[in-house]
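One structure below.
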Amino acid sequence: MKLQSLRVRLILAYAGLIVLGFGGLALIAGQQISKAARDDYKLQLINEVTLVAQGVARAMRELQGGGITQAELNEIVANYESRTDATLTLLLIESSPAQSSDRDERDRQPPGGDQSWPLSKNLQSYPELVGASRDTITIDQREDDEGQDMIYTAAPMTDGPHLLGYVQLSEPASHLQQALYRRWSSLGLGVLVITGIALLASVW
């Protein structure tokens, strides 16, 4: 009877060590996986907004040259929205001929300065647009006008050294949370399976 009781206690102690050990490893691994998932998500957004900015800039040049119509440009933007599963906003730069020389001078400023391209004062409160005006793609998470948590990024649309405008990409922050949830779910399932096998082995 004492031997049986000792055996049960040994199994419980061993099982506890297994659970604690795998739980600690899962927590450490989960934090690293979450960081990697966030980095992958941000890189994906950066690549998406860069490709969209290049594609829309190309379409805008065709529009100015008479190669496509405004309706066709709108369709191109809508196609990009469906492919990226995000909302795209085009902020076009308009200037009169009298302002063109000033704009050309600003366009020739090297990237990375205080302002590589013009950005109106009413847009300077948006970090992603400020970054785009400095030829740097940044990501900002904030609530929109309806109180929904959103992730924003933006990129300049250029024609050589000249700025055509900015493209702003926005999508719900829940997309990132879903990606993190999938990573944690896969990790949790793996840990449960390995823990279960280890517990069965300890009982055996």
Just verifying a value: how many Å separate [X] [atom1] and [Y] [atom2], rounded to the nearest 0.5 Å?
{"X": "Gln44", "Y": "Thr84", "atom1": "CD", "atom2": "OG1", "answer": "9.5 Å"}
{"X": "Leu73", "Y": "Gln64", "atom1": "CG", "atom2": "CD", "answer": "10.0 Å"}
{"X": "Glu48", "Y": "Leu43", "atom1": "CD", "atom2": "CG", "answer": "10.0 Å"}
{"X": "Ser174", "Y": "Ile151", "atom1": "OG", "atom2": "CD1", "answer": "8.5 Å"}

How close do [X] and [Y] get, counting heavy atoms only, and between which atoms?
{"X": "Leu63", "Y": "Ile68", "result": "CD1-O, 3.3 Å"}
{"X": "Val167", "Y": "Val49", "result": "O-CG2, 3.9 Å"}
{"X": "Ala53", "Y": "Ala155", "result": "CB-CB, 3.9 Å"}
{"X": "Thr50", "Y": "Ile46", "result": "OG1-O, 2.7 Å"}
{"X": "Tyr166", "Y": "Pro156", "result": "CD2-CA, 3.8 Å"}
{"X": "Arg61", "Y": "Thr158", "result": "NH1-O, 3.0 Å"}

TODO: Write out all pairs satisfying side chain to side chain donor-acceptor pair (under 3.5 Å) with one or both partners inside residues 144-157, taking only residues at least two apart or from two chains.
DONE: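 Found Gln141-Asp149.
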
Open item on the list: Just so I know, are the side chains of Met150 and Thr87 near enough to count as touching, which here means a heavy-atom distance under 4.5 Å?
Closed with: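 The answer is no, as the side chains (C-beta and beyond) never meet within the 4.5 Å cut-off.
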
TODO: Say whether, by atom type as modelled, one donor and one acceptor occur between the side chain of Glu128 and the main chain of Ala154 under 3.5 angstrom.
DONE: no

TODO: Step through the shown structure and confirm whether more than 12 heavy atoms of other residues, nucleotides or ligands are within 6.0 Å of CD on Glu75.
DONE: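 No, the 6.0 Å shell around CD holds no more than 12 heavy atoms from other groups.
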
Open item on the list: Surrounding OH of Tyr126 (heavy atoms of other residues, nucleotides or ligands, distance under 6.0 Å), is the total greater than 12?
Closed with: no

Co-membership, hydrophobic cluster, residues [X] and [Y], 4.5 Å side-chain:
{"X": "Val52", "Y": "Met60", "result": "yes"}
{"X": "Leu90", "Y": "Leu45", "result": "yes"}
{"X": "Val77", "Y": "Leu92", "result": "yes"}
{"X": "Leu169", "Y": "Tyr80", "result": "yes"}

